[in-house]
Novice: 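Pasting in a structure now, in structure tokens, and then I'll have a few things to ask.
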Amino acid sequence: MSRFYITTPIYYINAEPHLGHAYSTMVADAVARAHRLLGDDVFFLTGTDEHGQKVERAAQKAGMPPNRFADVVAAKFRDLLPSLHASNDDFIRTTEPRHHASVQALWRRVRDRGHIYKGEYAGWYCTVDEVFVPETQLVDRRCPICGNAVERIAEESYFFRLSAFQQPLLDHYRRHPDFVTPTVRRNEMMTFLEAGLDDLSISRTSFTWGIPVPDDPAHVMYVWFDALTNYMTAAGFGSDDAASQQRFARYWPADVHLIGKEIVRQHAIYWPAFLLAADLPLPRQIVSHGWWLMDGAKMSKSKGNVARPRDYIERFGLDALRYFVFREMVFGQDANFADEAILTRYNADLANDFGNLVSRATTMIHRACGGRVPAPVASLLGRPDEQRLQEKVARLIAQVRDAVTVFQLSSALRDIWEVIADTNRYIVVREPWKLAKAADRQDELATSLYVAADTLRVIAELLRPFMPATAERTLTMLGVTAEAASWATLAPGTLVAGTHLGDTSPLFPRIEQTVEELRLMSNENSNPPTVPDAVPASPPAPPPAVAAAPAAAATGTITIDDFMKVELRIARVLAAERVPKSKKLLKLQVDTGADQRTIVAGIAEAYEPEALVGRTIVVVANLQPAKLMGVESNGMVLAGSIDGGPPVLVGFDRDMPPGARVR
RNA sequence: GCCGGAGUAGCUCAGUUGGUGAGAGCACGCGUCUCAUAAGCGCGGGGUCGACGGUUCAAGUCCGUCCUCCGGCACCA
């Protein structure tokens, strides 16, 4: 029996769980379940990432100590798992003692091998993305990634000698072509590696909510060193007792780290580098999936288009949601999450094709065969229609087995549904309802219903990883009460004749409402957004079409004096041209009333230079000069944008002269 | 700008190493059975396979150029 260790990302507790989190968990769950059915000794891990400055501050805001805050929010993630039917074997929190011990053990190992040194880091730090932002990338002292204000940090810091691992990592990539999948991500990582690596700052002194650095408790560890190590902690790393050590020997290295495409670099470069430095085995594979898009856009809190898994479970049921996400997302690519698409999949695939098939097959057996699986007649099983179907079922078992283990869930389901269609066709060809009326054709009747039921039984066994509850219900209706059949021995023709069927009931009743009606219904019934706790880690998404009050921008207020330090002035664009070789930059000559100067603005993707000449804009007049793509910029142009979308210039509703102060 | 990916029916997409007249699902129209969740089954309409060249007996399938979209990096005062 081989073992299989799969992980989800550990979820950062700064927001409510959304569909993206749920998707990672569900995919890992399906694959874990499949491996169990294949007879593997599976270890399936998920959990929460709870340290860092963001959490420390959120806790402050909520008026509670970080550990209590973490307890409350982590519970939300943990509580979601049962409603997803997640079959995880462990749930790890980075705040647990076992994890502290493990991370410190890893640190010592890396340090003792000479890959950690103490240095000084002075720079701009974004607390949202937990990264230092190079001076040259700052946008008005704001993080270029998330747009939030960055902070000046000059502090002593420990560094990890990441630069030393460029070549070892490249070697590893070449020796293990499937180390990172899909290939797109692997290629990205290869080019990133080839460009060279900077050493990585891996500790902080500016906050305390983290794991202390061994022998230097003034430092806490940088989030990724802490977080990534969870994968080893749960396997038993860093523990002294013999049982844990045995477990670690058995389960490490992990077979799969399943992640979203936004954290590939951390998993495919930082993590393996840490492990190489510690002289520990690397995970076998980093598998990354795409994003669920709402109307083609990434889900985000500020757009209020975050899909909450609970809403969909309520409307369609968990298994319908699972079916949809597995079936609809070609693994690795982005996919659209549209209510209409779920409804279509539900009615067409689940209700019409599958649910109705189970219903018609079992009903006929109840009526015509006294509710017992009829015994097929060997000679009739040899007819072409029966042969073809059973051969196809045998092939299907192999196809699904192969597809699931390489994360091709959508193709596995597509193949299963093809056989479902075949079975519907088979029933039409045999017309058992007619056979039932012909006393001299009872053998044909029994054989045809047996073949249909037997096929459904295999299908149900194959559906277990994807839709566990549906699979169980189907098998119960077919009278199969045995434990899950091993996928190693599953085969057509093994349904036992004579067993009593269970009662038939619709698996997926058709949904006749429109999407709009469904939304209304769930708005009425739904218990007010379940936020019983006093921890608004993030403001709840505003209801669409309602101008929600900007939820108390409690994020660090400033005084009026602070604001007045910023000299905002009206200016007129005198000339504009593209900065050569740049995609985003325009070089502007502007008249600020007091002087004429050059300002470089990152708006080239939204504005043609010609269209800007003569235009009135707002600039920050007293910003420190900076060089961008070799051009000195003296100030900055104000523009609004939605979630990093195209910038929209600030303007006035009547003409204003250059030089006027804006406040 | 560099690197990578993608552009195939109204929509979402399959199309292996180039070779029977270009496919599936959904949606739409017609027909049909009646066991079943007004479900099933059959038939049909619709596509210059992004554009233009090229290689070849033969190209969505290979090569070149271009256009559009997406992603990574550079970059984003």
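Since the model is a prediction, treat every value here as computed from it, not as a measurement. Below, chains carry the letters A, B, ... as their sequence lines are ordered, and counting in each starts from 1.
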Novice: Is there a side-chain contact between A:Arg414 and the phosphate of B:rA14, meaning an N or O under 4.0 Å from OP1 or OP2?
Specialist: no

Novice: What's the gap between B:rG5 and B:rG15 when it is taken at their P atoms, as a whole Å value?
Specialist: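 Comparing P positions in B:rG5 and B:rG15 gives a spacing of 16 Å.
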
Novice: Rounding to the closest angstrom, what is the interatomic distance between B:rU32 and B:rA38 at atom C1'?
Specialist: 15 Å

Novice: Just to verify, what does A:Phe179 make a ring-ring contact (aromatic ring centres under 6.0 Å, His included) with, not counting sequence neighbours?
Specialist: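 If we apply the ring-ring contact (aromatic ring centres under 6.0 Å, His included) test to A:Phe179, skipping adjacent residues, the hits are A:His172, A:Tyr173.
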
Novice: In dot-bracket form, how is RNA chain B paired, counting a Watson-Crick or G-U wobble pair only if both its distances are under 3.5 Å and using | for bases paired to another strand?
Specialist: (((((((..((((.....[...)))).(((((.......))))).....(((((..]....))))))))))))....

Novice: Checking salt bridge (Lys or Arg N to Asp or Glu O under 4.0 Å) between A:Asp385 and each of A:Arg425, A:Lys392, A:Arg430, which is the one that passes?
Specialist: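 Checked A:Arg425, A:Lys392, A:Arg430 against A:Asp385; only one passes salt bridge (Lys or Arg N to Asp or Glu O under 4.0 Å): A:Arg430.
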
Novice: Measure from CG on A:Leu586 to C1' on B:rC75 and round the result to the nearest Å.
Specialist: 13 Å

Novice: Taking B:rC13 as the reference, what is the distance to B:rU17 when you measure between their C1' atoms (whole Å, please)?
Specialist: 23 Å

Novice: Could you walk me through whether A:Met467 and A:Leu350 pass side-chain contact (heavy atoms from CB on, under 4.5 Å), step by step?
Specialist: CA-CA 11 Å; A:Met467 302 192 282; A:Leu350 298 176; 4.1 Å; yes

Novice: Do nucleotides 22-35 of chain B as a string where each nucleotide becomes B, S or -: B if the base has a protein heavy atom under 4.0 Å, S if just the sugar-phosphate does, - if no protein is that close.
Specialist: ----S------SSB

Novice: Could you walk me through whether A:Val419 and A:Ile459 pass side-chain contact (heavy atoms from CB on, under 4.5 Å), step by step?
Specialist: CA-CA 8 Å; A:Val419 175; A:Ile459 286 171; 4.0 Å; yes

Novice: When you compare the side chain of A:Leu169 with that of A:Leu197, does any pair of heavy atoms fall below 4.5 Å?
Specialist: yes

Novice: For the P atoms, the ones on B:rG47 and on B:rC62, what distance do you get once it is rounded to whole angstrom?
Specialist: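 Per the computed distance, 25 Å lies between those P atoms.
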
Novice: What pairs with A:Arg414 under side chain to side chain contact (heavy atoms under 4.5 Å, CB included), at least two apart in sequence or on another chain?
Specialist: A:Arg327, A:Ser411

Novice: May I ask you to decide if A:Ala660's main-chain N or O and A:Arg569's side chain share a donor-acceptor pair within less than 3.5 Å?
Specialist: no

Novice: Pairs under 3.5 angstrom, nitrogen or oxygen only, protein versus nucleotides 68-73 of chain B, please.
Specialist:
unit_1, atom_1, unit_2, atom_2, d
B:rG71, O2', A:Arg185, NH1, 3.4
B:rG71, O2', A:Glu188, OE2, 3.1
B:rG72, O4', A:Glu188, OE2, 3.2
B:rC73, OP1, A:Arg265, NH2, 2.7

Novice: Can you give me the N/O atom pairs linking the protein to nucleotides 10-12 of chain B at distances under 3.5 Å, or say none if there are none?
Specialist:
none

Novice: Over how many whole Å does the gap from A:Phe354 atom CZ to B:rA36 atom P extend?
Specialist: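 It works out to 18 Å between those atoms.
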
Novice: Give me syn or anti for B:rG60, where syn covers glycosidic angles within 90 degrees of 0.
Specialist: syn

Novice: Side chains of A:Thr470 and A:Arg322: any donor to acceptor distance under 3.5 Å?
Specialist: no

Novice: Taking atom P of B:rG4 as reference, at what distance in whole Å does atom CG of A:Asn187 sit?
Specialist: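 Between P of B:rG4 and CG of A:Asn187: 8 Å.
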
Novice: Which part of the nucleic acid, if any, lies within contact of A:Leu357, taking any heavy atom under 4.0 Å across all strands shown: a base, the sugar-phosphate backbone alone, or nothing?
Specialist: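 A:Leu357: no heavy atom of the nucleic acid under 4.0 Å.
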
Novice: Fit a plane to each ring of A:Phe354 and A:Trp417, take the angle between them on a 0 to 90° scale, and name the class: parallel (under 30°), tilted (30 to 60°) or perpendicular (over 60°).
Specialist: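 The rings of A:Phe354 and A:Trp417 sit tilted, inter-plane angle from 30° to 60°.
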
Novice: Checking side-chain contact (heavy atoms from CB on, under 4.5 Å) for the pair A:Leu463/A:Thr474: CA distance, chi angles, key distance, verdict?
Specialist: CA-CA 10 Å; A:Leu463 284 177; A:Thr474 304; 5.9 Å; no

Novice: Given the C1' atoms of B:rC67 and B:rG53, what is the spacing between them in whole Å?
Specialist: 15 Å

Novice: Confirm from the modelled atom types if A:Asn356 and B:rA36 form a donor-acceptor pair under 3.5 Å, side chain to base only.
Specialist: yes

Novice: For B:rG7 and B:rC49, measure between their P atoms and round to the nearest Å.
Specialist: 14 Å

Novice: Look at all strands and tell whether A:Val600 reaches a base, only sugar-phosphate, or nothing, counting heavy atoms closer than 4.0 Å.
Specialist: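 The answer is sugar-phosphate, as A:Val600 gets under 4.0 Å only of primed atoms, P, OP1 or OP2.
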
Novice: Quick one: does any side-chain atom of A:Tyr450 pair with a main-chain N or O of A:Leu445 as donor and acceptor, under 3.5 Å?
Specialist: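 Such a contact is absent between A:Tyr450 side chain and A:Leu445 backbone.
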
Novice: A:Gln408 CD to B:rA14 C1': how many Å, rounded?
Specialist: 13 Å

Novice: Rounding to an integer number of angstrom, what distance separates B:rG25 and B:rU8 when you compare their C1' atoms?
Specialist: 15 Å

Novice: Under the criterion ring pair (Phe, Tyr, Trp, His ring centres under 6.0 Å), which of A:Tyr323, A:Tyr312, A:Phe508 is the partner of A:Tyr346?
Specialist: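 Per the ring pair (Phe, Tyr, Trp, His ring centres under 6.0 Å) rule, the option paired with A:Tyr346 is A:Phe508, out of A:Tyr323, A:Tyr312, A:Phe508.
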
Novice: Would you kindly give the CE-to-P distance between A:Met329 and B:rC13, to the nearest whole Å?
Specialist: 11 Å

Novice: If the P atom of B:rC11 is compared with that of B:rA51, how far apart are they to the nearest Å?
Specialist: 16 Å

Novice: Please report, rounded to the nearest Å, how far the P atom of B:rA36 is from the CG atom of A:Asn347.
Specialist: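 Nearest whole value for this atom pair: 20 Å.
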
Novice: Less than 4.5 Å apart, side chain to side chain, heavy atoms only: is that true for A:Gln285 and A:Asp178?
Specialist: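 Contact flag for A:Gln285/A:Asp178 side chains = yes.
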
Novice: Measure the shortest side-chain to side-chain distance between A:Val619 and A:Leu638 over non-hydrogen atoms and say whether it is less than 4.5 angstrom.
Specialist: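 They are not in contact (no side-chain heavy atoms under 4.5 Å apart), so the answer is no.
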
Novice: Rounded to the Å, how far apart are A:Glu418 CD and B:rG15 P?
Specialist: 14 Å

Novice: Whole angstrom is fine here: how far is it from OH in A:Tyr346 over to C1' in B:rA39?
Specialist: 13 Å

Novice: Just by distance, no angles: are the side chains of A:Asn356 and A:Arg510 close enough, under 3.5 Å, to form a donor-acceptor pair?
Specialist: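 Note: A:Asn356 and A:Arg510 side chains miss the donor-acceptor criterion.
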
